[in-house]
2 protein chains.
Amino acid sequence: MTIVGHDQDMTQVGTSTSPGSLEGTEAELEACRFERDPFQWDVREDCQVRQILDRIADKWSLLVIAILDEKTLRFGELGREIDGISKRMLTVTLRNLERDGLVRRTVYPEVPPRVEYELTALGRTLLGTTQALVAWTEEHQDQVARARQEFEAANPAR
Amino acid sequence: MTIVGHDQDMTQVGTSTSPGSLEGTEAELEACRFERDPFQWDVREDCQVRQILDRIADKWSLLVIAILDEKTLRFGELGREIDGISKRMLTVTLRNLERDGLVRRTVYPEVPPRVEYELTALGRTLLGTTQALVAWTEEHQDQVARARQEFEAANPAR
DNA sequence: CAGGATCCCGACAGATACTG
DNA sequence: CAGTATCTGTCGGGATCCTG
């Protein structure tokens, strides 16, 4: 059991690098699924689980999913809800989520154009977990804040 | 309700930049907690929730937490389990988790040195959610893979 | 309005060498 | 063994301009 870090992620969309087909044979990929022998993880860097985990556990994806909770939103609306995200990163993030089948993108042939985003059925299965993570953060932020202060106090300004 | 993206993260440990004290008054921070009015999020980029979420939703933290499940591991053992992580990133990740009170670091004054890492009580409360996320990935990897293929097929090699 | 295309800077992370 | 220090390349991501 090993947890391999996959680096050259093929997450590019904005930049025009080639998609870079998934490496490894199907047999290899199959072989590196997560497994609980008794209590073992097999998390190789080139395995599906790692690739998917790296995708959704990034700076924006979880937030986008959490916000699309139930609602259908337009591009601009999403951008305004997620303060601090640039148009580019919103585009990239949405493309990745769409690519993974978590978000559906609907273009209305109007002028001015209207594009709406909503969770797919698959995306909605992830919603519970996502919100659980956010909920955890809500509930424990005080404890974390306290831990940080203590740590800061114990380790004088490095 | 807005979701603000916090960028200059004060996550530095290896590099010797100043810690950069958390910005904003306590009142401001208090004001930007997550809230469900009816169904609204208030996720400003400078709020605690965002800061914490950015911390644990990075490339390595979730994996480290998942692996520390129950077990106590040494630095080298962790490094070997998480394939692809460098010593530097393992150090940085562990420091951040320690700083947030999720992981306890114990140094044994021996020679050669021995350092063990384990989840704190706080860290263990996050375990369920973390594993749920991993479990979701396990369960839905096939669907995601299929979605990717379809997307790739529909959007010829961009 | 919803993005695509470019330019570009700086943080992130790998490689290597050194230390208690 | 468990890191730290440094050096460096990469690329994430912001800013800006352009288009259908």
Side-chain angles (χ1 to χ4, degrees), chain A residues 4-18 20 45 54-55 57-61 63-64 72-98 103-117 155 158, chain B residues 4-20 45 54-55 57-61 63-64 72-98 103 105-117 155 158:
Chain A
V4 190
H6 105 81
D7 2 52
Q8 29 248 53
D9 65 333
M10 357 97 285
T11 318
Q12 302 305 2
V13 170
T15 62
S16 57
T17 38
S18 64
E45 101 178 309
D54 280 357
R55 169 85 22 106
D58 69 4
K59 186 166 183 173
W60 304 112
S61 297
L63 254 39
V64 168
T72 293
L73 290 179
R74 302 182 55 173
F75 184 84
E77 293 172 332
L78 263 171
R80 256 165 278 125
E81 299 242 18
I82 307 178
D83 179 293
I85 195 171
S86 64
K87 285 205 296 189
R88 204 178 83 86
M89 286 320 295
L90 183 55
T91 302
V92 170
T93 301
L94 285 170
R95 278 288 182 287
N96 286 335
L97 293 175
E98 186 196 357
V103 160
R104 175 165 27 257
R105 176 175 182 266
T106 312
V107 183
Y108 294 87
E110 306 171 356
V111 43
R114 182 162 56 102
V115 182
E116 292 191 341
Y117 295 90
N155 304 41
R158 23 158 109 233
Chain B
V4 191
H6 106 79
D7 2 51
Q8 30 247 52
D9 65 333
M10 356 97 282
T11 320
Q12 303 303 4
V13 169
T15 62
S16 58
T17 38
S18 65
E45 100 179 308
D54 279 358
R55 168 86 20 106
D58 69 5
K59 188 167 182 173
W60 304 113
S61 297
L63 284 151
V64 169
T72 293
L73 290 179
R74 303 180 58 171
F75 184 85
E77 293 172 333
L78 264 171
R80 256 165 277 126
E81 300 243 17
I82 307 178
D83 179 291
I85 195 172
S86 63
K87 284 204 296 189
R88 205 179 81 85
M89 286 320 296
L90 184 55
T91 302
V92 171
T93 302
L94 286 169
R95 279 290 182 288
N96 286 334
L97 293 176
E98 185 195 358
V103 161
R105 175 174 182 268
T106 312
V107 183
Y108 295 87
E110 305 171 357
V111 44
R114 182 162 56 102
V115 181
E116 292 192 340
Y117 294 90
N155 303 42
R158 25 157 110 232

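In what follows, chains carry the letters A, B, and so on, assigned in the order in which the sequence lines appear, proteins first and then strands, with residues in each chain numbered from 1.
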From the candidates dA2(C), dG4(C), dT4(D), the one with an atom nearest any side-chain atom of R74(A) is dA2(C)
Not counting sequence neighbours, which residues clear side-chain hydrogen bond (donor to acceptor under 3.5 Å, both in side chains) with R105(A)? List them please.
Y117(A)
Can you check the R55(B) CZ to dC12(C) P distance for me, whole Å?
11 Å
With E77(A) via side-chain contact (heavy atoms from CB on, under 4.5 Å) - residues at least two apart:
L73(A), R74(A), R80(A)
How many angstroms lie between CZ in F75(B) and CZ in R114(B), if you round to the nearest 0.5 Å?
16.0 Å
On a heavy-atom basis, the closest approach of W60(B) and T93(B) is CB-OG1, 3.7 Å
Looking at dA13(C), dG3(D), dA2(C), which one has an atom nearest to any side-chain atom of K87(A)?
dA2(C)
When you look at L78(B) and L94(B), which way does the side chain to side chain contact (heavy atoms under 4.5 Å, CB included) test go after all the steps?
CA-CA 10 Å; L78(B) 264 171; L94(B) 286 169; 4.0 Å; yes
What bend angle does the helix from dC1(C)-dG20(D) to dG20(C)-dC1(D) show across its length, from five-pair end axes and to the nearest 10 degrees?
50°
Check every strand shown and say whether Y117(B) touches a base, only sugar-phosphate, or nothing at a heavy-atom separation below 4.0 Å.
sugar-phosphate
Apply side chain to side chain contact (heavy atoms under 4.5 Å, CB included) to residues T106(A) and V115(A) and explain how you reach the verdict.
CA-CA 6 Å; T106(A) 312; V115(A) 182; over 6 Å; no
Shortest non-hydrogen contact from I85(B) toward M89(B):
CG1-CB, 3.8 Å
Please state how far atom CD1 in I85(B) lies from atom P in dA2(D), giving the value in whole angstrom units.
14 Å
From the set dG3(D), dA15(C), dA2(D), return the single nucleotide nearest to any side-chain atom of R88(B).
dA15(C)
Of the options dG14(C), dG14(D), dG3(C), whose atoms approach the side-chain atoms of M89(A) most closely?
dG14(D)
Residue W60(A), side-chain atoms from C-beta onward, closest of dG4(C), dG14(D), dA2(D)
dG14(D)
Starting at atom CZ of R80(A), determine the distance to atom C1' of dC1(C), rounded to an integer number of angstrom.
10 Å
In whole angstroms, how far is the P atom of dG3(D) from the CG atom of N96(B)?
14 Å
In whole angstroms, the gap separating P of dA2(D) from CD of E98(B) amounts to 15 Å
If you check every side-chain atom of P112(B), which of dC1(D), dG3(D), dA15(C) has the closest atom?
dC1(D)
Starting at CG of N155(B) and ending at C1' of dG4(C), how long is that distance when rounded to a whole Å?
14 Å
Of the listed nucleotides (dG3(C), dC1(C), dT4(D)), which one gets closest to any side-chain atom of V115(A)?
dG3(C)
Whole angstrom value for the distance that separates C1' of dC11(D) from CG of D58(A):
15 Å
Please give, in whole Å, the distance from dC1(D) C1' to L94(B) CG?
15 Å
Nucleotide of dG4(C), dA2(C), dC1(D) approaching P113(A) most closely (side-chain heavy atoms):
dA2(C)
For S61(A) and D58(A), which I'm curious about, is there any donor-acceptor pair between the side chains at under 3.5 Å?
yes
For a quick test of reading the model: is some side-chain N or O of R105(B) closer than 4.0 Å to OP1 or OP2 of dG3(D)?
yes
